[in-house]
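Some notes on the structure that comes next.
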Number of protein chains: 2
Amino acid sequence: MNLNKYNQIYQSLSSDIVEGKYEAGDVLPSEHKLLRQFGVSRETVRKALSLLQENGYIQKMKGKGSVVIYNPSMNLTVSHLTSFKEVQAQQTRVYTTVVHTMEKIEAGEVPHVQSALDLKGETLLWQLVRQRKYEGKTHIVDMDYFIHDMMPGLTEEIAQDSIYEYIEKRLGHSISYSHKEITFKPMTELDIELFGPVTPPYTANVKSVVHLSDATPFQYNVSKHLASEFRFVDFSRRFTGE
Amino acid sequence: MNLNKYNQIYQSLSSDIVEGKYEAGDVLPSEHKLLRQFGVSRETVRKALSLLQENGYIQKMKGKGSVVIYNPSMNLTVSHLTSFKEVQAQQTRVYTTVVHTMEKIEAGEVPHVQSALDLKGETLLWQLVRQRKYEGKTHIVDMDYFIHDMMPGLTEEIAQDSIYEYIEKRLGHSISYSHKEITFKPMTELDIELFGPVTPPYTANVKSVVHLSDATPFQYNVSKHLASEFRFVDFSRRFTGE
DNA sequence: GAGTGGTCTAGACCACTTG
DNA sequence: AAGTGGTCTAGACCACTCC
């Protein structure tokens, strides 16, 4: 896919770290050694190292070197922009997906979605409600709105598998960024119907508006998790320029 | 503070965007124009633009330009690594801080903290509990553990003001990154004492382990928010190299 | 002083978008 | 064809750490 050099170096080093060839506290080879090892210029090595630093694998220290800070115990759960299926791959639990609702509606019927996706009232949307089940119990409910004309060929089979894979591989779109919001809400009647009676009757809601790389907003998603089970893990740096 | 060129350009452009000189959808001047305007090389301009992109201000598009995607309505609340006081500055609400507890304990007494900060059992810790109040009501409770010997001169006045300011400006340490975890928990007895009786008796807990730029873990913090009021906003990009 | 990462430059070639 | 951003290079000078 990504055949540029710094990405290859990033892949190589990050796999080494994840696989334990370097442990937390170890120092990576110096930039000078890496540029000889990979046969590239220094700036190219530095781009790869910057990515490792941004993503929480290393901490670069002037005069010392690049120290590994990655710890396998930090499994980034809901964090970052990944579809449900992609998140699953990193996790132990394997959920089954049940498509509860899949219908076409007009954006005007859901004003909050219409404004979040910046649409006209007449725009057709796919409305989806999907349950994520594990051992017969619903743990997550996903409510999604997609722009219909962007994916008129959407089927229940695709919705059950991975819509992101469909969008990227079949339709050739590039999913790029999202704005997320996490809140804590009492269950609605629909929630209780889908989750069954649970205590407390609250959900952790991860709302996101997802954009393509041409900045088009194309998905409005609310992912509802049982409040008692919810866990969001994140790595963040201070001052990436601010 | 940060007198390097790409940071200055970043500051200049990000302020322009926040102040509305560029609106969402506008295209920034091209890299070529910017490098002439700022009198720097192209890579330097590109570093500034990359920071803007990482932080959700712009989306760069090959062949087109750098399009502004920042919308003033997205106020990043708890997001990113900022101390309580710094977060406050971006917000409308101004809380008052009440120091409820401030005492020295041994790390061995709080095993989860000891392991998270990677300490010996005998290491002395500052244990702090602080209430964040607004109009007489407690909205947030912060529970903190700091390594005592790193800041033996900590006082209640500092704890009431800003510990981060003290660490960075007085002690000259550089706070660098953190791992965060968000969960929802039923209130403990202490919570009820500090928040008073509220419905639902749940808190949103933001737990973080904060590290200095030499990778030393120095703070264990649990920030408890009233669940019904909690809102965490985040901007995230897909594939920053992965 | 030798080795490390941080910043910056000037120039090259490529891929994409728009007229 | 002209303009845009994406990648990469070779080299420079600096600040910091460690011996």
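By convention in this document, chain letters (A, B, ...) are assigned in the order of the sequence lines, proteins followed by strands, and residues within each chain are numbered from 1.
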Over how many whole Å does the gap from [X] atom [atom1] to [N] atom [atom2] extend?
X: A:H32; N: C:dA2; atom1: NE2; atom2: C1'; result: 12 Å
X: A:L49; N: C:dT7; atom1: CG; atom2: P; result: 13 Å
X: B:K33; N: D:dA2; atom1: NZ; atom2: P; result: 16 Å
X: B:K62; N: C:dC14; atom1: NZ; atom2: P; result: 13 Å
X: A:N7; N: D:dC8; atom1: CG; atom2: C1'; result: 14 Å
X: B:K64; N: C:dT18; atom1: NZ; atom2: C1'; result: 10 Å
X: B:K47; N: D:dG6; atom1: NZ; atom2: P; result: 15 Å
X: B:L28; N: D:dG3; atom1: CG; atom2: P; result: 19 Å

Between B:E43 and A:G63, the residue closer to the 5' end of DNA chain C by nearest nucleotide is A:G63

Whichever of A:R42 and B:R46 has its nearest DNA chain D nucleotide further upstream toward 5': B:R46

Below 4.0 Å: OP1/OP2 of [N] and any side-chain N or O of [X]:
X: B:Y6; N: C:dT7; answer: yes
X: A:S30; N: C:dT4; answer: yes
X: B:T44; N: C:dT9; answer: yes
X: B:K60; N: D:dT4; answer: no
X: B:S41; N: C:dC8; answer: no

Checking side chain to side chain donor-acceptor pair (under 3.5 Å) for the pair B:T183/B:K207: CA distance, chi angles, key distance, verdict? CA-CA 8 Å; B:T183 53; B:K207 184 176 91 182; over 6 Å; no

Rounded to the nearest 0.5 Å, how far apart are OG of B:S174 and CD of B:E168? 6.0 Å

Can you label the angle between the B:H112 ring and the B:Y220 ring as parallel, tilted or perpendicular, going by 30° and 60°?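 Judged by the thresholds at 30° and 60°, the geometry between B:H112 and B:Y220 is perpendicular.
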
Is the B:Y177 ring parallel, tilted or perpendicular to the A:F235 ring (thresholds 30°, 60°)? tilted

Closest approach to the side chain of B:N4, judged atom by atom: which nucleotide of C:dG5, C:dC8, D:dT9 is it? C:dC8

Given A:R130, which of A:D142, A:D144, A:D161 fulfils the salt bridge (Lys or Arg N to Asp or Glu O under 4.0 Å) condition? A:D144

